[in-house]
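Take a look at the structure set out below.
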2 protein chains.
Amino acid sequence: MTDQDSARRPKYQRIADELRDAIRSGDFAPGDRLPGENDLMATYEVARMTARQALSVLRTEGLAEARKGAGVFVRVFRPLRRRGIPRLAGDHWGGGRSVWSADVEDRELVVDRIEVGEAEAGARVAEALDLPPGAPVCVRSRRFVLDDKPVLLSVSYLPADLARGTRITERDTGPGGTYARLAELGRRPVRFREEIRCRMPTAEESEGLALELGTPVVLIDRTAFTEAGVAVELNEMTLDSSSYVLEYDFGA
Amino acid sequence: MTDQDSARRPKYQRIADELRDAIRSGDFAPGDRLPGENDLMATYEVARMTARQALSVLRTEGLAEARKGAGVFVRVFRPLRRRGIPRLAGDHWGGGRSVWSADVEDRELVVDRIEVGEAEAGARVAEALDLPPGAPVCVRSRRFVLDDKPVLLSVSYLPADLARGTRITERDTGPGGTYARLAELGRRPVRFREEIRCRMPTAEESEGLALELGTPVVLIDRTAFTEAGVAVELNEMTLDSSSYVLEYDFGA
DNA sequence: CAGTGGTCTAGACCACGCG
DNA sequence: GCGTGGTCTAGACCACTGC
C-alpha cells in the first residue's frame with residue numbers, strides 16, 4: 001500500500017515531497033520544527049543518510065534550515081523592499097539623508113566592516129569608470145546589518161583624483177553620503193545603470209551575509225553618471241536574496 | 001604533512017576548496033571534466049560518500065554539473081542581457097515587433113507550451129489588477145527556449161472583459177503582441193512596475209527550465225498601467241538566473 | 001546528559017552513456 | 001561492457017543545544 005506507488009521516484013525525493021507539501025499546505029508554519037532525522041528514519045523505515053538527504057533537499061531549496069543540536073525548522077522570510085528609482089532621486093539624499101533611509105524605515109540599521117582605501121582599478125572597474133587599467137581608484141567597502149541580520153555587502157569605486165581630499169575618503173562621508181559630496185564637487189550623479197545578476201554565493205559571501213544553505217545572492221552593479229555622461233562611481237552590491245524584493249517603476 | 005593543517009575544516013570542504021581554487025585559477029576551464037568520485041577517493045583516500053559530498057558542494061554552488069555516466073564538468077555561462085526599460089519603449093513593439101526581438105538578436109528563439117484560457121483571479125492577481133477576488137481573468141502562459149535551452153516561463157493575466165473577443169485570447173496575438181492589441185483598445189500601457197525576487201526553484205520550475213542543481217530562479221512580476229493609471233496586465237516571469245543579466249537605466 | 005544534526009566509513013545495486 | 005554518477009544501507013564518533 002505505501003510503497004506500491006513508488007513509481008521509480010527515489011525514496012528521499014518522496015520523503016522530501018511529503019514534507020514540502022506539508023509546508024506548502026500550512027501543516028508546518030514558518031518557524032515550526034520539522035520531523036528530524038530520527039523521526040524520518042522511524043516513520044519511513046530508511047537509513048540515516050536517506051533521511052538526511054531528504055532534509056538536505058528542503059534545505060537547498062531554501063525551505064528549511066538546520067540548527068545544530070536543536071532540529072530542522074521551516075524558514076521565515078521578511079524581505080525588504082528596495083525601490084530602485086525613487087530611492088536615488090536627488091531630493092532624498094540631497095536633503096542630507098542617505099539613500100538608505102528610504103528603505104529601512106523603523107528597523108535598526110547598523111553599518112560595519114567599513115574599509116576605505118586606494119587601489120588600482122582592475123579591468124572591470126576601469127571599464128565601468130572609463131579609466132585606464134591600473135588607474136588609482138578610491139575603494140569604499142561596507143556591510144549593512146538590519147535587525148542583527150547582515151543583508152548587503154557593498155564595494156564602491158570612484159576615480160581617486162575625484163575623491164582625494166574629500167570626505168569620500170573618510171569612514172563617515174557626511175550628510176547625504178558620497179552622492180552629496182559628488183554634487184558639491186560639481187559631479188552630481190543624475191543617471192544610473194543597474195545590472196542585476198543572481199547566483200549561489202561564494203564561501204566568503206556566505207560568511208559575510210550569514211546565509212542559510214539554499215539562499216542565492218543578488219548582485220547589483222550600479223554605475224552613476226553625471227549630466228555630462230561621465231561615470232563617477234561603480235557600486236558593486238551583494239544582497240541576501242531572501243531579504244530583498246527589488247522594485248523598478250518606469251514609463252514606456 | 002597532509003592533514004596536520006586540517007584545522008577543523010571537514011575533509012569534504014577541503015577537497016571542494018581545492019577544486020574550487022583550481023577552477024577559479026583556470027586549471028579547469030568551463031566545460032572541462034573534473035576529477036570524478038573514484039579519482040577523489042584515490043587522491044584523498046576518502047570514502048565514496050565523502051568524495052561525493054565534495055562534488056555536491058561545487059554543484060550546489062553552481063560551479064559544476066554532473067552528467068550521469070559521463071562525469072562532472074565545470075559549468076559554462078552565456079547570459080542574455082535583458083534591458084528593462086528601452087525594451088518596453090512603444091517604438092519597439094509599436095512597430096509590430098515583439099518586445100523579445102530586442103533581446104535575442106541572432107539567436108534561435110522558440111516559444112512553446114503556449115496555453116491560453118480563462119480563470120478566476122486569485123488574491124495576488126486580483127490585487128495587482130485591482131479586481132474583486134474571483135473575477136474572470138484571461139491567462140496566457142508560455143515558455144521561451146533560446147538555442148534549445150529554456151530560459152523563461154511566463155504567465156500573463158489580463159481582465160477578461162478587456163481580452164475577450166480580441167486576439168489576446170488566441171495563441172498568436174498578432175504583430176506587436178498583447179501590448180499592441182491593448183493599444184488598439186485604447187488601453188495602451190505606458191507605465192510599468194517590475195518587482196524582482198530571487199530564490200531556489202521549485203521542482204516544477206526546475207523541470208520547466210531544465211535547471212542544473214545550484215541554479216536559482218529570478219522572478220519578475222511586471223504590472224502594466226495605462227495613462228489613466230489602470231493596471232491592464234500582470235506578467236509573472238520565471239527566469240533561469242544563469243541565462244540572464246537584467247539591466248535598468250534611469251535618471252535621478 | 002539526552003537528543004540533535006555534522007561528518008565519515010565501507011560496503012551494495014542500479015541506470016546511464018560513451019567508446 | 002565498463003566506468004560514471006545516483007541511490008541506499010548500517011553502522012560510527014563528534015559537537016552542539018536545550019533541558
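As the structure is a prediction and not an experimental result, all values here were calculated from the model. The analysis underlying the following values was restricted to heavy atoms, covering all of them including side chains, and did not include hydrogens, waters or symmetry mates. In what follows, chains are A, B, ... by sequence order, proteins preceding strands, each numbered from 1.
A/E37 and A/R48 are joined by a salt bridge, as a carboxylate oxygen and a charged side-chain nitrogen come within less than 4.0 angstrom of each other. Using a 4.0 Å cut-off between a side-chain N of Lys or Arg and a carboxylate O of Asp or Glu, B/E195 and A/R83 do not qualify as a salt bridge. Residues B/E247 and B/R82 are not paired through a salt bridge, judged by the lack of any N-O separation under 4.0 Å between the basic side chain and the carboxylate. We find that A/D221 and A/R193 are not joined by a salt bridge, their nearest charged nitrogen and carboxylate oxygen being 4.0 Å or further apart. Salt-bridge annotation for B/E236 and B/R140: absent, with no side-chain N of the basic residue lying under 4.0 Å from a carboxylate O of the acidic one.
Across the protein-nucleic acid pair, A/R9 atom CZ and D/dG6 atom C1' stand 14 Å apart, rounded to whole Å. In this structure, the CD atom of B/Q13 is 12 Å from the P atom of C/dG6, given to the nearest Å. In this structure, CZ of A/R14 is placed 15 Å from C1' of D/dC8, rounded to the nearest angstrom. Look at CG on A/L40: it is 11 Å from P on C/dT4, rounded to the nearest Å. The CD atom of A/E212 sits 14 Å away from the P atom of C/dG5 (whole-angstrom rounding). In this structure, OH of A/Y44 is placed 18 Å from P of D/dT7, rounded to the nearest angstrom. If you take CD of B/E37 and P of D/dG6, they are 6 Å apart, rounded to a whole angstrom. Taking atom CE of residue B/M41 and atom P of nucleotide C/dA12, one finds them 12 Å apart after rounding to whole Å.
Between B/N38 and D/dG3 there is no side-chain polar atom (N or O) within less than 4.0 angstrom of OP1 or OP2. The shortest distance between the side-chain N/O atoms of B/Y12 and the OP1/OP2 oxygens of C/dC8 is not below 4.0 Å.
A donor-acceptor pair under 3.5 Å links the side-chain atoms of B/R143 to the main chain of B/G208, judged by distance alone. Between the side chain of A/R197 and the backbone N or O of B/P79 there is no donor-acceptor pair closer than 3.5 Å. One N or O on the side chain of A/K149 and one on the backbone of A/L209 form a donor-acceptor pair closer than 3.5 Å.
Residues of residues 45-60 of chain B that place a heavy atom closer than 4.0 Å to DNA chain D, in numerical order, are B/R48, B/M49, B/R52, B/R59.
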Just the table, please: protein N/O against nucleotides 15-19 of chain D N/O, every pair under 3.5 Å.
unit_1: D/dT17; atom_1: O4'; unit_2: A/K68; atom_2: O; d: 3.4

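Comparing C/dG5, C/dT7, D/dC8 against the side chain of A/R33 picks out C/dG5 as the nearest.
Within the structure, side chain to side chain donor-acceptor pair (under 3.5 Å) pairs that include any residue of residues 60-77 of chain A comprise A/R20-A/E61, A/R75-A/T215 (at least two apart or interchain).
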